[in-house]
Protein chains: 2
Amino acid sequence: MAKEMDMSITSDGQFDHLKRICNEAGIKLTHQRLEIFKEMVAAKDHPSAEAIHRRLQKKLPTIALDTVYRTLTTFDELGILRKLRLTGERTLFDANLDRHHHFFCTRCKKIEDVYWPEFDNSSLPEGIGSIGKIRARHLELHGLCKKCLAEGNE
Amino acid sequence: MAKEMDMSITSDGQFDHLKRICNEAGIKLTHQRLEIFKEMVAAKDHPSAEAIHRRLQKKLPTIALDTVYRTLTTFDELGILRKLRLTGERTLFDANLDRHHHFFCTRCKKIEDVYWPEFDNSSLPEGIGSIGKIRARHLELHGLCKKCLAEGNE
DNA sequence: GTTAATGCAAACGGTTTGCAGGGGT
DNA sequence: ACCCCTGCAAACCGTTTGCATTAAC
């Protein structure tokens, strides 16, 4: 019984976590917000708002796409995730807040996280001071992923 | 007279250049294409299609915005310029084909070119091979430009 | 009970497209 | 003369917004 209790608590961990965040921010913890939160935490990729909406169809068949947009934007403002307005196309969302960069497969459009702490900590070029003060750097690597390299000839 | 002839030839240099490009590509050299080309070569910033359209209003009051879009896309395909689908917002166009990166001022939205050959030629992190083959790298630096640093307090 | 969040639908802004007429070759 | 390119208008797609209803507090 103690064991089941533990499991219950564990599976409610995300609920408690989000509840705390919402309380601090003074916003309501709604069913939709919780499910979007869980979906984002579970996501191993970089989903668009539409993708999250699609994935929630089974659990929340009546959820509206604009609610997903609104919620993801709220989460971005709260610092729960990052709005990624990357190269072209739609806006993506990334629940991974660790410092990292992105690889884009030119063919299949897949996006992979790239960690490169040496680069993050390296100094910027000389002339940069004359431009301004850099607060963040984000690197985009473009090429062909392993899978596309194996499959295709282009 | 010889002098005027030289000047004439000189000022037609862009015309000749574009004419050659169009001939090779098998497309027509139209008035609109020439003016958009000249505007892009003259541009020291990273104009949007709308900006180019605006700048051409005096010279070509009847040019349509979609012609600018079509022409810039054509130029991008011909390699005359680069379509920059950068962080959020609209698509920008860059006639500077030298390898370079971009700095974004978070406040005034200004974009500056950043040259960093040492970085361009440096090797990528170890694990990158397991992801795929990198063909290009583009760095985005975000921060406050000199002007905004001086003006503001944020 | 009060207030904020949701769902719906319609607006929005940047970009693209279908079409007929006009200009370059 | 031929056909591509242009201008016009309307479609398009991702995203945002106004509003009445619903649910969280």
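Note on naming: letters A, B, ... go to the chains in the order of the sequence lines (proteins, then strands), and numbering restarts at 1 for each one. When reading the values below, keep in mind they use all heavy atoms of this one structure, side chains included, and skip hydrogens, waters and symmetry mates.
In this structure, CD of A:Glu35 is placed 13 Å from P of C:dT6, rounded to the nearest angstrom. B:Arg90 has its CZ atom 16 Å from the C1' atom of C:dT16, to the nearest Å. A:Ile36 has its CD1 atom 13 Å from the C1' atom of C:dG7, to the nearest Å. Atom pair A:Leu34:CG and C:dA5:C1' shows a separation of 15 Å (rounding to whole Å applied).
The distance from the NE2 atom of B:His142 to the CZ atom of B:Phe103 is 9.5 Å, given to the nearest 0.5 Å. Taking CD1 of B:Ile111 as the start and CG of B:Leu84 as the end, the distance is 7.5 Å to the nearest 0.5 Å.
Under a 3.5 Å cut-off, the side chain of A:Ser48 and the backbone N or O of A:Leu92 do not form any donor-acceptor pair. When atom types are taken as modelled, the side chain of A:Arg137 and the backbone of A:Phe119 share a donor-acceptor pair closer than 3.5 angstrom.
Boundaries of the chain B contact region on DNA chain D are D:dC3 to D:dA9, first to last in 5' to 3' order (nucleotide atom under 4.0 Å from a heavy atom).
For A:Arg70 and A:Asp66, the salt-bridge test passes: some basic side-chain N is under 4.0 Å from an acidic carboxylate O.
Contacts between residues 66-82 of chain B and DNA chain D, defined by a heavy-atom separation under 4.0 Å, are made by B:Asp66, B:Thr67, B:Arg70. Scanning residues 46-64 of chain A for heavy-atom distances under 4.0 Å to DNA chain C yields A:Thr62, A:Ile63, A:Ala64.
Along DNA chain C, the nucleotide closest to B:Lys83 and the one closest to A:Thr30 are compared, and the more 5′ of them pairs with A:Thr30. For the pair B:Leu65 and A:His31, nearest-nucleotide mapping onto DNA chain C gives the more 5' position to A:His31. Each of B:Gln32 and A:Leu29 lies near DNA chain D, and the nucleotide nearest B:Gln32 is the one positioned closer to the 5' end.
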Donor-acceptor pairs under 3.5 Å, side chain of residues 27-37 of chain B to any protein atom, not counting sequence neighbours: which ones?
{"unit_1": "B:Thr30", "atom_1": "OG1", "unit_2": "B:Arg33", "atom_2": "N", "d": "3.2"}
{"unit_1": "B:Arg33", "atom_1": "NH1", "unit_2": "B:Lys28", "atom_2": "O", "d": "2.7"}
{"unit_1": "B:Glu35", "atom_1": "OE1", "unit_2": "B:Lys59", "atom_2": "NZ", "d": "3.3"}

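Side-chain contact between B:Leu144 and A:Arg135 is present, with at least one heavy-atom pair separated by less than 4.5 Å. Between A:His46 and A:Phe93, every side-chain heavy-atom pair lies at or beyond the 4.5 Å cut-off. Counting heavy atoms from C-beta outward, A:Arg55 and A:Pro47 have side chains that approach closer than 4.5 Å.
With A:His102 as reference, A:Asp94 is the one residue of A:Asp94, A:Leu139, A:Leu141 to meet the side chain to side chain contact (heavy atoms under 4.5 Å, CB included) rule.
For the residue pair B:Lys146/A:Ser130, the side-chain donor-acceptor check at 3.5 Å is not satisfied. Judged by distance alone, the side chains of B:Asp120 and B:His101 do bring a donor and an acceptor atom under 3.5 Å apart.
Taking a pair as Watson-Crick or G-U with both hydrogen-bonding distances under 3.5 Å, the stems of three or more pairs touching DNA chain C are C:1-25 with D:1-25.
Pairs passing the ring-ring contact (aromatic ring centres under 6.0 Å, His included) check and including a residue from residues 52-73 of chain A, sequence neighbours excluded, do not occur.
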